[in-house]
Amino acid sequence: MTIQRPRGTRDFLPEDTEKRGRAKKAMQDVLERWGYREVATPTFEHLELFTIKSGASVIEEIYSFKDKGGRDLALRPELTAPVMRMYVSELQNSPRPQRLWYFGNCFRYERPQKGRFREFWQMGCELIGGSKPDSEAEAIALADGMLKSVGVVGDIHVGYLGLIRSILSKIEVQHRSSVMRMIDKKERSALATLLEDIGCSHLGLLELIDLKGQPALDKAAEIVRDMGAGPELDVPADAPVASAPAGTAPSPAGRGSARQGRAVGAELRLEEFQETVDLLRAYGVNFTIDFEIVRGLEYYSGTVFEIYAEGLGAQRQICGGGTYELASLFGGKETSSTGFGLGFDRIMEIVPMERSRRSPVFLAFTPDVKIQAAKIAKELRKSVPVVFDVMGRGLGAQLKAAAGAGAEFVVIVGKDELDAGKFTLRDMSGGGQESLALPEIEERLKEHYQGF
RNA sequence: GCCGGGAUAGGGUAGUGGUUAUCCUGAGGGACUGUGGAUCCCUCGAGCUGGGUUCGAAUCCCGGUCCCGGCCCCA
């Protein structure tokens, strides 16, 4: 019996790996064209990093362990927390904004299904320290550009927590998290019942999340107008904004967990959201305004967005992100950031990728001139990929192998060629061949491999 | 964690409670000591795992593992 892969993991054969590499490269190019720089963090971290961010309940879904020194460690389940941890400890005094991107494997202890594995790859970026609408528009346009670069069409939904949280402030504290949860889970009828029961139907919440696109924004403006005079229950005072980055708010609860009620202030600044929307339109991004997008966690503080794609079964989301406040959670200064993560594996399931790999040149030789042939192979490798027989095959068998491997060209080296100083370049598709000096062969092949 | 469907050579498959388990493909070699994918020949290679029922199990039953789809969850 052979040893199996652990559950939820995958092997990537050469074809898979090539395809993934090409897709990664395409998206990476977009990131770099926007001025982002790659960073990398450890595969494992202190478990605490993730429980601080997401609450103790995530331990169930994390690969965590004690090392031999008794430390509680965890394989990273996501990359935003590690990157922000790194930012706080290494980059806080660097010029802002910081534009960082990353690509790495992550691990979650979950039931595998379509588009969900225990080891998976995330690609994403964090734009740290910018002002909200500008950063938000940049992040969303960037995500859009990355998907387009691999030919994936996503359905982009953009929401704004400033508004939702302001409406929530009209609702009694003990009901807020249930309301939030029901919005997130799209439990419409339960939400309607609850709002009715607590006498909050008049706030317009149901109508708001039902509407999509411009009508949703119009409704938002209406709600904001109506809310102007209403009583506010327990809204934290805004931070002095003069010198602080726009829109950040104090975090009275300090380093408490995001799941334990530590809500960052999300001020109601609909005009900021409007600006994000205007910028996105300027960038030519196709998106839907959708206030139902609230994302689970408390550290999100402004615009949030999710991107969905077809063809993935139950796991349709391929991207999620927004503006958040995490630096302070990890012991740093208040810093507003915007970022997103792309589910690389899910994207790979739907990229319409043409296979365009170029097979290496095969250098076929007669066994009696192996030594000289090896020298020629070495020379040719300066220009093009060259495969040299290691099976001890005769010339005929080498050609057969080259054909089987899909070679487009074979260079044949034998005693006659060595004597003449001219080698045979054989075109395997047509079957034609000609006798040429080595520099000419190099020239021809180099031309053929141009761009690969 | 829950529900359903699966597991037969490297890949894809057929079949039956009972001789030596199909076929296709693949891989290696040969016919072919300087010219390829053809053809022919040879070789390699399999019933997930543990238990039970049975004279006999790859087949029937149970547990486990893994895969596929869905639920829960999804930072």
Side-chain angles (χ1 to χ4, degrees), chain A residues 1-11 13 15 45 47 49-62 74 76-84 106-118 120 122 124 181 184-185 257-259 295-300 304 306 312-322 324 326 329 339-341 343 346 359 362-369 373 389 391-419 423-433 435:
Chain A
M1 200 195 93
T2 55
I3 296 177
Q4 294 178 314
R5 257 177 288 137
R7 181 174 168 83
T9 62
R10 289 158 296 158
D11 294 315
L13 298 176
E15 287 74 23
E45 298 269 0
L47 177 60
L49 176 65
F50 303 109
T51 54
I52 286 176
K53 173 165 179 274
S54 308
S57 61
V58 297
I59 292 177
E60 284 181 38
E61 323 259 290
I62 284 181
R76 58 189 179 195
E78 47 113 2
L79 286 163
T80 297
V83 169
M84 290 311 291
C106 299
F107 306 84
R108 293 183 190 178
Y109 194 85
E110 296 181 296
R111 176 79 175 71
Q113 63 187 70
K114 189 175 179 68
R116 174 190 280 182
F117 305 93
R118 288 186 169 182
F120 60 98
Q122 272 195 357
R181 187 187 157 80
D184 199 20
K185 299 297 166 207
S257 162
R259 279 238 170 100
R295 296 190 63 74
L297 297 178
E298 300 288 343
Y299 50 76
Y300 283 107
V304 288
E306 297 184 347
L312 282 167
Q315 305 297 325
R316 296 181 55 233
Q317 191 183 327
I318 54 174
C319 177
Y324 59 86
L326 274 179
L329 203 55
F340 61 84
R346 292 183 188 173
S359 174
F362 277 61
L363 190 138
F365 55 91
T366 55
D368 55 317
V369 299
D389 177 62
M391 296 291 285
R393 295 197 246 244
L395 184 61
Q398 287 183 44
L399 283 213
K400 193 171 183 171
E408 292 161 280
F409 288 97
V410 173
V411 175
I412 297 171
V413 177
K415 189 138 192 327
D416 298 346
E417 282 82 356
L418 286 167
D419 288 346
F423 304 90
T424 305
L425 177 64
R426 183 169 178 84
D427 180 344
M428 297 296 278
S429 55
Q433 61 184 39
S435 190

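Just so it is clear: chains get the letters A, B, ... in the order the sequence lines come, proteins before strands, and each one is counted from 1. Nothing here was measured: the structure is a model prediction, and the numbers come from that model.
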**Asked** Looking at A:K415 and A:D368, does any basic side-chain N land under 4.0 Å from a carboxylate oxygen?
**Response** no
**Prompt:** Side chain of A:E110, base of B:rG1: donor and acceptor closer than 3.5 Å?
**Reply:** no
**Message:** Under 4.0 Å, counting only non-hydrogen atoms across every strand here, what does A:G8 touch: a base, just sugar-phosphate, or nothing?
**Reply:** sugar-phosphate
**Asked** Mapping A:T424 and A:R346 onto RNA chain B by nearest heavy atom, which one lands closer to the 5' end?
**Response** A:T424
**Request:** May I ask you to say what A:Q122 touches in the nucleic acid, namely base, sugar-phosphate or nothing, with a heavy-atom cut-off under 4.0 Å?
**Result:** nothing
**Request:** Check whether any side-chain N or O of A:E306 sits under 3.5 Å from a backbone N or O of A:G320 as a donor-acceptor pair, and report yes or no.
**Result:** no
**Prompt:** What does B:rA9 pair with, Watson-Crick or G-U, if both distances are under 3.5 Å?
**Reply:** none
**Prompt:** Ignoring hydrogens and angles, does a donor from either the side chain of A:R5 or the base of B:rC67 sit under 3.5 Å from an acceptor on the other?
**Reply:** no
**Message:** Base of B:rG1, side chain of A:R111 - is there a donor-acceptor contact under 3.5 Å?
**Reply:** no
**Nucleotide nearest A:K400 (side chain, heavy atoms from C-beta), chosen from B:rU35, B:rC72, B:rU39** = B:rU39
**Whole-Å distance separating the CD atom of A:E417 from the P atom of B:rU35** = 12 Å
**Prompt:** Of the nucleotides B:rA75, B:rU35, B:rC71, which one has an atom closest to the side chain of A:Q113?
**Reply:** B:rC71
**Message:** Tell me whether the side-chain N/O atoms of A:R108 come closer than 4.0 Å to OP1 or OP2 in B:rC73.
**Reply:** no
**Message:** Rounding to an integer number of Å, can you tell me how far A:R118 CZ sits from B:rU65 P?
**Reply:** 10 Å
**Message:** Given 3.5 Å as the limit, does a donor-acceptor pair link the side chain of A:R346 with the main chain of A:Q317, or not?
**Reply:** yes
**Fill in**
Given the 90°-from-0 boundary between syn and anti, B:rG47 should be labelled syn
**Message:** Using a heavy-atom cut-off of 4.0 Å across all strands, would you classify A:R76 as base, sugar-phosphate, or nothing?
**Reply:** nothing
**Prompt:** Taking a pair as Watson-Crick or G-U wobble with both distances under 3.5 Å, which nucleotide is matched to B:rC2?
**Reply:** B:rG70
**Request:** Determine the contact category for A:A402: base if any of its heavy atoms lies under 4.0 Å from a base atom, sugar-phosphate if only primed atoms, P, OP1 or OP2 are that close, otherwise nothing.
**Result:** nothing
**Request:** Could you work out which one of B:rG69, B:rG34, B:rC67 sits closest to the side chain of A:R7?
**Result:** B:rC67
**Message:** From C-beta outward on A:M391, which listed nucleotide comes closest to its side chain: B:rG28, B:rG36, B:rC71?
**Reply:** B:rG28
**Request:** Mark yes or no for whether A:R118, through its side chain, and A:Y109, through its backbone, hold a donor-acceptor pair below 3.5 Å.
**Result:** no
**Prompt:** Looking for any heavy atom pair under 4.0 Å, which part of the strands does A:R181 touch: base, sugar-phosphate only, or nothing?
**Reply:** sugar-phosphate
**Message:** Does the structure show a Watson-Crick or G-U wobble partner for B:rC40, both distances under 3.5 Å? Name it, or say none.
**Reply:** B:rG30
**Request:** Report yes if at least one side-chain N or O of A:K185 is closer than 4.0 Å to OP1 or OP2 of B:rC74; otherwise report no.
**Result:** yes
**Distance, rounded to the nearest Å, where A:R316 contributes CZ and B:rG70 contributes C1'** = 16 Å
**Item:** Gap in Å between the two C1' atoms, one belonging to B:rU54 and one to B:rG17, rounded
**Value:** 9 Å
